[in-house]
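A quick write-up on the structure given underneath.
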Amino acid sequence: MLRENFGTDGRGNEAVVFTITNANGTQLKVTTLGAAIVSFIFRDKDGIMRDIVLGYDKAETYLLQKGYYFGATVGRYANRISNARIAINGVEYALEANSETNNLHSGSNGVSHKVWDVDRVDEEKNSVTMKIASGDLEQGFPGNMQIEVTFTLTEDDAVQIDYKAVSDKDTVANFTNHSYFNLAGHDGGYVGSQKLKIYADAFTPLAPALSIPTGEIRPVEGTPFDFTDFKEIGKEINDNCDQLVYAKGYDHNFVLHNGGKLGLMAEAVCEDTGIHLYAYTDRPGVQLYTGNFIEDHEGKNGAHYGERHGFCLEAQWFPDAVNNPAFEAPFLAAGEVYTSVTVYRLERV
Ligand code: BGC
């Protein structure tokens with residue numbers, strides 16, 4: 001496993017990047033800045049090696065483009081929290097309002113933008129474990145929390161992401177990975193022609209403003225949110241449907257039925273490259289975000305990135321679950337160990 005310098009966080013902390021390669025030549029790069037996936041390279045049907053996630057060449061660029069969370073581990077609480085407030089055991093905690101009046105992805109300086117420590121490297125298993133200590137009331141969340149993320153590149157061409165966290169006070173925990181996939185290659189442009197299937201027969205619609213779910217669980221049948229069979233991502237993305245207008249495309253949580261066990265959440269395929277993604281989680285929801293807010297800018301190796309050039313499948317608890325009595329909330333008791341697994345596996349068709 002190759003370990004190289006990846007730049008700094010501007011506060012004197014050096015980030016490193018690990019390159020992990022399996023026997024098939026599939027290659028994963030992960031950095032300690034934000035415990036992020038930097039690249040995921042897979043041989044396409046014509047033998048061309050394609051990097052299928054968006055990212056940057058060095059830590060400094062990730063910090064300049066903070067708002068996108070490319071490939072990052074997002075926490076301690078992924079997605080939106082309304083009014084940037086949570087209550088635990090009757091005590092209110094104020095969080096940073098970094099997305100209008102909401103807290104988004106735990107604020108502008110969460111663990112997704114910090115340099116993590118390297119805990120273990122396992123050459124045999126092709127895995128790297130990173131850890132970070134998040135202090136009591138850091139970003140507003142109660143409890144000193146120890147967080148650990150392990151990235152494993154398997155021999156069946158999957159990246160497996162294992163999360164573990166424990167806090168010394170009652171708190172909340174909801175970690176996700178924020179990779180943007182483009183199965184034509186990270187420089188492949190608009191993902192509209194790539195096909196997607198989501199293992200969900202319902203989604204959680206948003207209120208007209210601020211992107212907070214209302215609490216309703218709405219069947220996808222007969223709506224542009226029906227991905228129960230493979231459908232082009234772009235097929236209905238511009239439909240004049242209020243939910244799509246609110247979010248400028250897909251930026252919604254889908255309701256999974258895995259019963260808390262690792263199961264398929266989604267599949268996606270690009271016919272031009274023959275790359276097929278299988279995504280698994282043990283969480284109750286997945287946010288489909290179609291990169292609606294990516295502005296034109298330069299990514300890895302001079303690639304051009306823009307609106308809808310990638311899609312995210314963020315495994316999670318439902319957005320704002322901590323404030324919405326209709327949803328089960330991810331409270332974590334003091335001393336309780338939070339664990340979760342996400343897998344993104346690639347095949348050629
Ligand atoms: C959110 C989007 C947000 C994006 C980048 C996604 O998880 O759902 O609304 O723009 O992250 O911050």
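One-based numbering, in listed order, for ligands and for the atoms of each.
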Subject >> Qualifying residue, where the test is side chain to side chain contact (heavy atoms under 4.5 Å, CB included) with R308 and the options are N182, I237, I294, I233 >> reply: I237
**OP:** For the pair T228 (side chain) and D201 (backbone), establish whether a donor and an acceptor sit closer than 3.5 Å, ignoring hydrogens and angles.
**Re:** no
Original post:
With a 3.5 Å cut-off and no angle check, do the side chains of H186 and Y305 form a donor-acceptor pair?
Top reply: yes
Subject >> E148 bridged to R120 by N-O distance under 4.0 Å >> reply: yes
Subject >> Polar atom proximity, Y69 to ligand 1 (N or O, under 3.5 Å) >> reply: no
**OP:** Considering the heavy atoms of D251, write down every atom of ligand 1 situated less than 4.0 Å from one of them.
**Re:** 1 (C), 2 (C), 8 (O), 9 (O)
Original post:
Is E155 close to N126 at the side-chain level, that is, under 4.5 Å between some pair of heavy atoms?
Top reply: yes
Subject >> Distance-only N or O hit between ligand 1 and Y68, under 3.5 Å >> reply: no
Subject >> Y163 six-ring face occupied by R76 cation (under 6.0 Å, within 45°) >> reply: no
Original post:
Atoms of ligand 1 less than 4.0 Å from H178 heavy atoms?
Top reply: 4 (C), 6 (C), 7 (O), 11 (O)
Original post:
Hey, does G67 sit under 4.0 Å from ligand 1 if you only count heavy atoms?
Top reply: yes
Original post:
For atom 7 (O) of ligand 1, which protein heavy atom lies nearest, and how many Å away is it?
Top reply: E314 OE1, 2.7 Å
**OP:** Could you tell me whether N79 and ligand 1 have an N or O pair separated by under 3.5 Å?
**Re:** no
Subject >> Contact partition for Y180 relative to ligand 1, non-hydrogen atoms under 4.0 Å >> reply: side chain
Original post:
Considering only heavy atoms of Q287, which atoms of ligand 1 have at least one such atom less than 4.0 Å away?
Top reply: 8 (O)
Original post:
Do L63 and H113 come within less than 4.5 Å of each other through their side chains, counting heavy atoms only?
Top reply: yes
